[in-house]
Amino acid sequence: MTMQATPGQLVGQRVRRREDPRLVKGRGSYVDDMKLPGMLHLAFKRSDVAHGIIRSIDTSAAEAMPGVELVLTGAQLAEIIPPMPVATPFPAPDHHAVTPDRVRYVGEPIAVVVATDRFLAADAADVIEVDIEELPAVIDPERAANGDPAVIHEAFENNLAVPFAPAGTGVNPETLEVEDESALNEAFENADVVVSQRMFSQRLVPNAMEPRGVIARFEPGNDELTVWSTTQNPHIARTLLAAILGMGQHQVRVIAPDVGGGFGSKINVYGEDFAAAAISRDIGRPVKWIEDRSEAFMTTIHGRDVIGYIDLAATGEGKVTAVKMRLIADIGAYEMVLTAAIPTLVAFMISGVYDIPVVRAELTEVFTNKMPTDAYRGAGRPEGIYFLERAMDMLASELGMDPADVRRVNFIQPDQFPYTTAGGMVYDSGEYERLLDQALENAGWEQMKADRDAARAEGRIVGLGMSFYTEICGFGPSAAMPTVGLWEHASVSVERDGKVRASSGASSHGQGHETTFAQMLADDLGIPMDDISIIHGDTGQVREGTGTFGSRSQVVGGTALLMASGKVKDKMRVFAAQMLETQPGDLSFSDGMIGPTGQEDTGVAFAEVAGFAYIPIPLPPDTEPGLSEEAFWEPEGFTWPFGCYITQVEIDRDTGELELQRFVGVDDCGNVINPLIVAGQIHGGIAQGVGQALTEEAVYDEGSGQLLTASFMDYQIPRARDFPRFELDHTVTPSPLNPMGVKGIGEAGTIGSTPSIVNAAVDALSGHGVEHIDMMLRPEKLWRLIQGGDA
Amino acid sequence: MIPSAFDYQRAGSIAEAIALKQGAEGDARFIAGGHSLIPLMKLRLAEPSLLIDISGIPGLSGVSEDGGRVSIGALTTHAELESDSVLLASAPVVAEAAGEIGDQQVRNRGTIGGSLAHADPASDLPAVVVALDASIHIAGAGGERTVAAGDFFSGLFEVDLAEDELITSVSFDAPSQAAYAKLRHPASHFAIVGVAASLTVEGGVCTGARVAVTGASTHAQRLGAVEEALTGSSLDDDAIAAASAAADVDDVNADLAGSEEYRQAMTRVFTGRAIAAAAAR
């Protein structure tokens with residue numbers, strides 16, 4: 001089998017996204033666009049208190065409304081489906097699709113109404129009377145970890161989901177026991193300088209443009225369930241739905257039509273999905289539920305919410321000798337599919353891009369009366385890199401070093417790859433200093449510093465920030481998620497007319513798979529992109545799959561596609577060789593022709609070979625007719641893209657308002673298939689990272705447990721006018737772990753931008769004695785610091 | 001985000017709108033642009049049984065000027081105010097404030113009459129009409145009447161407007177020098193604090209000042225101490241600083257976007273900015 005090396009004719013080109021004309025003209029097809037005959041609509045009665053015991057539910061008024069077909073309480077639903085699944089190795093409390101007995105966060109479903117239209121269903125849910133005996137709301141995770149003011153799940157003492165998970169130097173990786181503290185203690189005892197800081201990566205709301213939605217259609221005639229879902233991973237959804245419903249995987253089909261973003265929040269299969277499927281099976285009619293924006297704020301998973309107590313030991317020259325992170329993750333009221341696993345990724349990031357001999361992370365995960373957290377763009381890596389990159393800046397400040405220099409002296413060097421961190425992570429490739437130099441040059445770092453100092457001399461509050469990230473991409477191998485598996489599946493079929501149908505288990509929800517995958521296959525097969533259709537998001541058409549998350553689609557899905565394409569090409573060579581009376585091994589694919597390498601135009605047309613493969617007279621020996629191949633591919637390890645973001649901010653002395661004035665970024669995601677799509681991913685990622693730094697924070701009221709930021713009137717996702725032009729560039733350090741040398745780019749911008757901006761703000765306020773500021777950087781917080789107070 | 005069921009009727013005239021309102025059973029509400037009422041309905045914080053749509057009533061939209069008196073129809077949208085040539089020439093402060101409201105979609109739908117009648121404590125235009133000493137013209141079953149803007153706003157969502165009355169227009173004398181300065185709520189773009197200042201300047205001396213704040217408290221209100229401090233001053237930097245330092249508000253709002261202390265401080269900051277901008281006009 002051969003694989004096309006990048007770049008080719010289309011690979012590496014700024015090809016415009018094929019899906020965009022459909023999507024921007026309103027011709028996409030989303031779950032809510034589907035209307036099935038006889039379809040009923042669901043609405044959920046939700047808890048308006050954070051914590052309490054359900055004493056009684058009166059559904060009689062709802063049931064009496066004309067058009068209401070069915071009302072089910074949580075207890076009634078629990079009779080037909082078991083609690084929901086998790087895919088992590090940690091113990092989890094029972095989590096019902098609709099709670100049968102207690103409420104544990106505001107918005108938790110208590111009952112579900114099935115009615116002939118959506119509005120009626122909402123009206124009926126509104127008149128369900130629920131009597132709840134309120135319990136104290138558990139909001140502060142550090143208090144919660146002492147069982148204060150209440151215990152949320154009886155089986156989890158002191159609200160500890162994961163009581164203490166250590167990793168790193170001195171920790172036995174098999175038993176997870178701390179066996180040796182000496183290296184850690186020595187590093188801190190012998191340090192010339194120690195930086196210690198409590199930091200907080202605050203809770204965020206993912207806010208996909210399209211809220212969640214589901215249609216479930218059980219066909220009693222053939223016992224088959226079809227579910228249309230806004231999922232990022234239809235095959236995982238199929239597996240979980242089948243398991244909970246007690247059905248075979250062959251009886252469940254999940255279709256993800258056009259999906260309007262997910263950012264990780266649509267990895268999960270939610271209670272509403274299970275309830276819809278169970279109800280459709282129960283009543284034999286299709287049912288639909290579409291989340292509204294209020295529900296999306298309150299009841300789609302949240303992200304981050306990790307406190308880090310960071311200690312960093314270093315020499316007087318700025319060489320880091322040890323890092324310790326004590327992490328407290330507020331995971332909310334329950335564990336969802338990946339909830340408990342996400343904070344472990346924070347610990348994986350402890351070394352960043354630095355050659356640090358001693359590291360230790362200690363993770364505690366705590367239940368509170370909030371929406372559960374789970375994967376949100378970056379998922380653990382933003383928290384880890386934020387903690388480390390803030391600490392690196394604090395070290396630079398402590399030593400009076402340039403932030404670039406303190407990073408430079410600690411970089412893992414190119415000849416150290418593959419590099420194993422003290423925490424056991426294996427990095428595939430990296431050339432950090434080259435990228436840093438590129439970023440400094442593009443930014444005009446020395447001039448930026450001079451300009452900052454001049455502005456300060458005028459009394460302006462100007463600061464510069466830098467961050468250098470790496471992150472984990474290309475999620476696989478399966479050992480990294482043993483409950484699900486982390487490979488990808490692909491198929492490539494060449495039809496009789498030479499057109500190609502290719503499928504991938506990686507399910508696009510905005511990333512542009514239909515374009516990048518087609519670019520890649522067009523080059524590999526030597527045919528036009530327009531002759532290739534990419535099929536994804538339907539377990540009925542795509543035989544197997546894992547899904548799109550963790551910046552894995554190009555790395556894992558792309559490689560699987562190339563493998564399937566390679567198999568098809570091998571077979572086409574056999575047919576072509578017979579037609580050309582030559583040997584298969586001598587044949588290549590180019591410009592729609594298959595012929596001797598370098599002289600493809602003297603061969604036979606791709607389409608002609610395709611036609612012959614389906615009417616093979618005579619059939620070549622030991623060959624099956626037809627051209628349809630599939631492949632599974634699992635990587636042997638993660639890929640580790642990296643980059644450096646340099647920012648400049650100015651803070652209004654009178655109001656504390658912060659203006660982001662410059663953003664200079666250099667990323668390295670290995671080889672690039674489509675620079676336009678890569679730039680789009682980086683832009684979007686930066687926007688969300690800036691959001692975390694400056695404008696976004698999900699705040700629950702300490703007393704009542706109400707979500708105070710439950711609408712776009714209160715929760716600001718950044719707008720285009722909040723950004724300067726992004727000055728972006730890249731270097732290329734291919735990954736050796738896949739044939740295309742790609743690394744993944746979906747989350748990078750989110751990870752690198754946040755610490756850079758906070759570092760810039762701290763730099764700006766360094767003259768006011770400020771050493772650290774917790775996010776988000778509210779104007780009032782900055783104003784107070786300028787006034788000389790505490791944030 | 002799904003409102004309760006309601007009936008809907010379009011009124012073709014002011015008289016019809018008032019008659020519909022008087023004849024309605026249950027909670028009937030006038031609706032113009034809907035950008036205050038509909039969000040409340042979607043959260044079921046407002047559940048009117050009938051919406052009387054007044055947006056099609058002829059003659060209630062547009063800006064005119066006659067002998068230095070500017071009149072704005074109640075149904076004029078914020079987007080229209082923002083780009084109106086009469087306002088840009090005679091009262092740019094109104095266009096300026098309207099352009100700061102919400103986002104483009106909100107400005108395309110929201111109306112000045114709706115904004116004033118709803119009287120959100122953080123909406124922009126109430127401060128402007130108070131600073132301009134505008135007259136608010138009202139029609140109702142009992143006929144027409146006029147209220148001074150300074151008397152119109154009386155408390156949290158409280159205005160001098162009966163159930164069966166609606167605003168028909170707003171009028172004011174074209175200000176000689178006026179400006180609006182605002183600290184935007186980052187998410188909603190409402191005013192955390194917004195200050196409108198209208199100055200009369202003769203021979204370099206401020207002979208009259210009306211300064212009003214919104215966002216800081218329950219309703220738009222004048223900053224009397226600031227006005228006093230300005231009157232007779234030369235409007236130099238020191239005078240503006242001294243006057244804005246006198247800004248003081250009771251019942252200060254506090255939320256995630258700003259504590260009471262921050263809002264008080266921002267009231268002083270934006271008072272200074274509004275006065276300086278007006279003085280420079």
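Just so we're clear, the structure is a prediction, and the values are computed from it rather than from any experiment. Letters A, B, ... mirror the listed sequences (proteins, then strands); counts begin at 1.
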What part of [X] gets within 4.5 angstrom of chain B, counting heavy atoms only: side chain, backbone, both, or neither?
X	result
A/R118	both
A/F119	both
A/E295	neither
A/P779	both
A/S294	both
A/R721	side chain
A/D701	neither

Review point. Chain B: which of A/E657, A/E697, A/Q716 shares the most heavy-atom pairs with it under 4.5 Å?
Key: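 Maximum pair count with chain B is reached by A/Q716.
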Practice item. Output the option from A/V699, A/L708, A/I717 having the highest count of non-hydrogen pairs under 4.5 Å with chain B. Key: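 Top option by heavy-atom pairs under 4.5 Å: A/V699.
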Exercise for review: Pick out which of A/E780, A/Q787, A/R778 makes a side-chain contact (heavy atoms from CB on, under 4.5 Å) with B/Y262.
Suggested key: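 Testing B/Y262 for a side-chain contact (heavy atoms from CB on, under 4.5 Å) against A/E780, A/Q787, A/R778 leaves exactly one candidate, A/E780.
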**Study point:** A/S711 vs B/M1, side-chain contact (heavy atoms from CB on, under 4.5 Å): CA-CA, chis, key distance, verdict
**Key:** CA-CA 10 Å; A/S711 81; B/M1 300 295 278; over 6 Å; no
Check your understanding: Which members of residues 268-281 of chain B, sorted by number, sit under 4.5 angstrom from chain A on a heavy-atom basis?
Key ->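 Interface residues of residues 268-281 of chain B: B/V269, B/F270, B/R273.
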Point to revise | Residues from residues 177-197 of chain B approaching chain A under 4.5 Å (heavy atoms) | key: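 The list, in residue order, reads B/L183, B/R184, B/H185, B/P186, B/A187, B/S188, B/H189, B/F190.
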Check your understanding: Rounded to the nearest 0.5 Å, how far does CZ of B/R44 lie from CG of A/D126?
Key ->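 That separation rounds to 4.5 Å.
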Exercise for review: Could you give me the CA-CA distance, side-chain angles and deciding distance for A/D714 and B/L256, then say whether side-chain contact (heavy atoms from CB on, under 4.5 Å) is met?
Suggested key: CA-CA 8 Å; A/D714 306 293; B/L256 284 174; over 6 Å; no
**Study point:** Which of B/P39, B/G258, B/S259 touches chain A most, by non-hydrogen pairs under 4.5 Å
**Key:**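 Between B/P39, B/G258, B/S259, the count favours B/S259.
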Review point. Around A/Y30, counting heavy atoms of other residues, nucleotides and ligands shown, do more than 12 lie under 6.0 Å from its OH?
Key: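 Yes, OH of A/Y30 has more than 12 neighbouring heavy atoms, counting only those of other groups under 6.0 Å.
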**Study point:** Within 6.0 Å of CD in A/E129, more than 12 heavy atoms from elsewhere
**Key:**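 Atom CD in A/E129 is not packed in, count stays at 12 or less.
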